[in-house]
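Values below: all heavy atoms of this structure, side chains included; hydrogens, waters and symmetry mates excluded. All of these numbers come straight from a predicted model, not from anything done at the bench. Reminder, nothing fancy here: chain letters follow the sequence lines and each chain counts from 1.
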Amino acid sequence: MKYDFTAIEKKWQDRWEALKPYAAETGSDKPKFYGLIEFPYPSGQGLHVGHPRPFTALDIVTRKKRMQGYNVLFPIGFDAFGLPTENYAIKNHVHPAAVTEKNIANFTSQLKMLGYGFDWDRCVDTTDPKYYKWTQWIFLQMFKKGLAYKTTMPVNWCTSCKCVLANEEVVNGVCERCGSEVIRKEKSQWMLAITKYAQRLIDDLDDLDYIERVKIQQKNWIGRSTGAELRFDTNTGDKVSVYTTRPDTLFGVTYVVISPEHPLLEKWQGRIKNWDEIAAYKEAASHKSDFERGELNKDKTGVRLEGIEVMNPATGKAVPMFVSDYVLMGYGTGIVMGVPGHDQRDWEFATKFGLPIIEVVSGGDITKEAFVAKDDSAIMVNSGFMNGMTVREAIPAMKKYVVDQGWGKEQVNYKLRDWVFSRQRYWGEPIPLVNCEKCGWVALPESELPLVLPQVDSYEPTDDGESPLSKMTDWVNTSCPCCGGPAKRETDTMPQWAGSSWYFLRYMDPHNDDELVSKEAEEYWGPVDWYNGGMEHTTLHLLYSRFWHKFLYDIGVVHTKEPYAKRTSHGMILGEGGEKMSKSRGNVVNPNDIVDQYGADTMRLHIMFIGDFEKAVTWSNEAVKGSKRFLDRCWNLMDIARDDIAVSAVNEAVIHKTIKKVTEDIDSLKMNTAIAALMTLVNEFYAKGLTKGDLEQLMLLLSPFAPHMVEEMWELTGFAAKYGKMAMQMSWPEFDEAKTVDSHKEMAVQVNGKLRSTVVVPADADDGAVVAAACADEKIKRQMEGMQLVKTIVVKNKLVNLILKPAK
RNA sequence: GCCGGUGUGGUGGAAUGGUAGACACAAGGGACUUAAAAUCCCUCGCUGGCAACAGCGUACCGGUUCGAGUCCGGUCACCGGCACCA
């Protein structure tokens with residue numbers, strides 16, 4: 001019988017659609033398992049070959065969990081707000097909602113084509129008002145708690161999207177999405193105070209089962225540093241504060257630098273003798289993007305503030321003050337102290353401006369370059385009471401001294417910034433706030449949620465940087481929920497990250513109109529047991545959603561501090577030639593083509609077999625054949641499996657070994673070696689023959705990988721009738737450790753650590769017997785001629801190493 | 001520059017400190033076939049040899065060990081992230 005994958009896959013997909021074997025049951029007595037994949041953005045191009053990699057992996061994990069008796073939640077949905085859809089809508093004069101609907105339909109059929117065990121009844125769509133009602137609701141709670149605030153600040157402005165970007169969305173100075181130039185622009189923006197959660201976002205990582213590089217990357221992004229904030233007296237009557245991680249170098253401070261945006265400059269306008277020069281510098285800096293400022297980092301610019309002097313409290317001496325755009329207003333205090341002896345950047349600045357360079361840590365030659373000690377055991381000099389201390393001792397000593405003297409305080413800083421939450425675009429969740437002349441910003445009553453996106457004539461962003469919604473005067477002009485007076489709606493919308501920051505909660509209870517998620521459902525399903533997604537989301541989606549979840553925990557909506565117990569990450573799939581797949585390179589692989597040619601089961605199997613799940617792999621159309629060939633060989637086993645095979649125990653050890661290997665490998669996402677083990681098993685079957693019982697075991701092990709073909713075989717071989725169940729509903733095979741051991745072992749024989757021969761010994765042979773067998777081997781006898789055996793090392797079931805030396 | 005990671009046949013990739021190259025792809029040879037496809041069998045790291053076999057071999061240099069792809073120190077290359085963060 002031929003393996004007609006097209007007909008078989010259609011047949012089983014239809015049957016699953018009707019029988020719903022993947023439905024998750026809230027409140028079941030079984031142990032629960034919540035497996036999650038990052039829901040896709042339904043782009044117009046359809047499913048990319050990158051999608052099936054994580055989807056198939058977690059599909060296999062959850063199918064196995066189901067067979068192991070778990071009540072599994074494995075949901076799917078669509079993260080459908082976003083710019084590509086809006087841009088497409090603008091270009092083609094269709095409503096973004098229509099585009100989204102079409103794309104979701106296409107994605108849905110492609111995902112069904114691949115046979116994933118999603119619970120489709122729980123599908124969510126972030127652009128559905130029933131969904132974004134709750135996105136808006138969460139925002140309102142944040143607003144009420146003071147975590148959402150509006151402020152005017154320089155923001156990243158994409159010149160092409162005509163839209164504000166979060167820091168995380170700017171890559172190498174250009175827009176992550178369209179690659180256009182990003183400039184700085186002053187705008188009034190809604191912000192979310194993620195920085196208030198910075199410490200918790202670091203601390204709570206410790207208890208999570210995330211792959212290490214995700215934890216490290218998040219910690220680096222949050223960027224905690226400990227130091228001190230020091231106040232310096234000036235000749236203006238004002239004090240200035242600087243932040244430093246190295247208070248121990250205070251005696252080495254020979255100047256201070258202020259950021260061009262710092263408000264003190266304006267205040268000091270009358271005192272600064274070269275104000276024209278300073279004003280010009282400020283003006284020039286304001287036109288540069290952050291990226292341009294960074295670009296020029298080799299050649300520091302700056303201007304001395306004539307007439308301003310700062311007192312170094314440690315030395316009591318006055319030092320000059322400069323303005324320079326290498327000092328960022330957004331980090332620390334916007335003013336830094338210059339220690340040119342021990343900071344390379346300060347050294348270059350001091351050298352350029354002819355400032356003194358003082359050594360306060362010994363061990364380098366500060367006339368040539370700054371001495372930045374590699375460890376903290378260097379000795380302090382020229383530093384008053386700290387002289388003779390190591391840096392390690394000096395830092396805490398100085399911190400204490402600073403506090404005692406009233407010069408400042410200990411301080412922790414984070415690189416993480418608050419989240420710019422406004423977007424001047426149409427296709428996003430409306431922000432449910434109105435601005436009243438009397439009451440200021442007022443929240444819509446929750447009863448008015450969802451605040452639905454109004455129909456507009458044009459989705460084009462406006463040149464003045466306002467949202468297209470701003471043109472809808474009927475919609476914009478409203479009354480204040482507080483005082484009833486005239487008010488205007490907020491016209492910015494939320495960023496795409498909003499809807500994806502909590503979607504995993506909605507899957508638990510997707511049709512609830514009264515609550516975001518019911519207590520019962522959340523307490524049953526939360527937290528997500530296993531979340532797999534791309535490394536590119538580590539500092540965006542993953543961090544944002546942890547933040548939102550912590551907030552929901554604080555207001556009692558969820559019962560766990562963290563949303564995801566475990567996080568794994570997949571590598572990218574590269575096109576032929578090892579390059580990133582892209583339309584311009586013409587190396588994009590469409591999963592439909594593979595499915596048409598080889599079937600979904602081959603596609604699933606191959607994308608898992610292709611290599612280490614965590615690493616990038618190169619796609620090869622040629623190699624797919626091997627996976628298809630393997631499935632053909634499995635299928636054809638039906639013709640040779642017998643009940644009356646003479647030695648039915650012939651395959652026992654290899655079957656138990658395979659069960660063990662496949663069971664363990666799926667749990668650690670080593671799908672490639674799990675499949676290799678199945679291939680080895682099938683090769684054994686062809687070499688030695690197999691019983692129907694052997695085939696039954698193989699089908700169960702293979703069913704998570706190739707569910708369609710296995711169900712068909714299961715039916716054809718009569719097991720479906722025998723058990724009255726589909727293979728996927730059977731129990732996962734168990735292995736018996738004792739039965740994984742062969743009766744005889746082939747052991748390596750080394751002489752002085754070099755492999756010289758192998759011997760076969762009974763599995764239970766003791767060390768003496770192994771050594772005797774080794775010494776009896778012809779090749780070893782030759783090695784031993786004229787030699788004396790001085791030592792033997794036996795590694796159970798692996799090898800024996802004979803240490804020989806010349807006989808006297 | 002800083003933080004992670006990787007480096008193994010023609011290719012994708014396997015190897016709790018214990019027989020390097022499992023499992024595949026490609027290639028070569030053979031069987032079956034009118035023929036092709038499909039299928040099946042054999043060979044397949046490099047060098048020498050008809051062969052048995054010997055020597056070499058996991059980016060490079062050194063170390064620890066009876067034994068190192070694996071551990072340690074150093075170097076190089078590539079990938080990812082961050083980058084004037086005081």
Checklist line | Interatomic distance at P, B:G69 relative to B:G21, whole Å | finding: 12 Å
inquiry  = When the C1' atoms of B:C25 and B:C44 are compared, how many Å lie between them, rounded to an integer?
reply    = 13 Å
If pairing means Watson-Crick or G-U wobble with both distances under 3.5 Å, then the partner of B:G18 is B:C66
B:A26, OP1 or OP2 - any side-chain N/O from A:K625 closer than 4.0 Å? yes
Rounded to whole Å, CD of A:E614 lies from P of B:G4 at a distance of 16 Å
Base orientation of B:G9, chi within 90° of 0 counted as syn, else anti, reads syn
Looking only at B:A14, B:C3, B:A15, the nucleotide nearest the A:N672 side chain is B:A14
Rounded to whole Å, CZ of A:R633 lies from C1' of B:C41 at a distance of 12 Å
ask   = Side chains of A:Y414 and A:S225: is there a donor and an acceptor less than 3.5 Å apart?
value = no
Ranking B:A26, B:C84, B:C66 by distance to the side chain of A:N801, first place goes to B:C66
For this session: Please state whether the base of B:C84 and the side chain of A:K300 form at least one donor-acceptor pair under 3.5 Å?
Result: yes
TODO: Pick the C1' atom in B:C46 and in B:A20, then give their distance to the nearest Å.
DONE: 14 Å
Please tell me if A:N752 has a side-chain N or O lying less than 4.0 Å from either OP1 or OP2 of B:G67. no
Just to confirm, is there a sub-4.0 Å distance from OP1 or OP2 of B:C53 to any side-chain nitrogen or oxygen of A:K779? yes
Separation of B:U8 atom P from A:K615 atom NZ, nearest Å, is 10 Å
Partner of B:G45 under the Watson-Crick or G-U wobble criteria, both distances under 3.5 Å, comes out as B:C56
Under a 3.5 Å threshold, yes or no: a donor from one side chain and an acceptor from the other, between A:R224 and A:Q199? yes
Will you find, in the side chains of A:S259 and A:E261, an N or O donor that is under 3.5 Å from an N or O acceptor?
yes
Partner of B:U39 under the Watson-Crick or G-U wobble criteria, both distances under 3.5 Å, comes out as B:A31
Anything under 30° is parallel, anything over 60° is perpendicular, the rest tilted; go ahead and classify A:Y544 against A:W419.
parallel
Closest to the 5' end of RNA chain B, once A:Y243 and A:I610 are matched to their nearest nucleotides, is A:I610
message: Any side-chain N or O of A:K215 below 4.0 angstrom from OP1/OP2 of B:C3?
response: no
Requested in this report: Ignoring hydrogens and angles, state whether a donor on the side chain of A:H606 or A:S627 is under 3.5 Å from an acceptor on the partner side chain.
Outcome: yes
### Message
Quick check: any donor-acceptor pair below 3.5 Å linking the side-chain of A:E536 to the base of B:G80?
### Response
no
Considering only heavy side-chain atoms of A:Y326, the closest of B:G13, B:A86, B:G18 is B:A86
Per atom distances to the A:V327 side chain, the nearest of B:U19, B:A86, B:G13 is B:A86
Exercise for review: Check the angle between the aromatic planes of A:H541 and A:H537 and answer parallel, tilted or perpendicular using the 30° and 60° thresholds.
Suggested key: perpendicular
Among the nucleotides B:A26, B:A24, B:A86, whichever has the atom closest to the side chain of A:N683 is B:A24
Distance check: side-chain N/O of A:S225 vs OP1/OP2 of B:A86, anything under 4.0 Å? yes
- Query: Distance check: side-chain N/O of A:R756 vs OP1/OP2 of B:G55, anything under 4.0 Å?
  - Reply: yes
note: A:I335, atom CD1; B:C85, atom P; distance rounded to Å ~ 17 Å
Against the side chain of A:M679, the closest entry in B:G4, B:C23, B:C66 is B:C23
The nucleotide from B:G12, B:C82, B:C85 with an atom nearest the side chain of A:F609 is B:G12
Atom CG of A:L637 and atom P of B:C40 are separated, to the nearest Å, by 11 Å
Check: Using 30° and 60° as the class limits, which term best fits the ring planes of A:F349 and A:Y255: parallel, tilted or perpendicular?
Finding: parallel
Among the nucleotides B:A26, B:U19, B:A22, whichever has the atom closest to the side chain of A:R629 is B:A26
Among the nucleotides B:C85, B:G18, B:C3, whichever has the atom closest to the side chain of A:I793 is B:G18
By the Watson-Crick or G-U definition, both distances under 3.5 Å, B:C82 is matched with B:G1
A:I211 CD1 to B:G80 C1', in whole Å, measures 12 Å
Would you kindly say whether A:Q218 and A:Y210 are connected by a side-chain donor-acceptor distance under 3.5 Å? no
Between CG of A:D325 and P of B:A86 the distance, given in whole Å, is 18 Å
Comparing A:Y686 with A:E622, nearest RNA chain B nucleotide closer to 5' gives the residue A:E622
Taken to the nearest whole Å, CD1/A:I222 to P/B:G4 is 17 Å
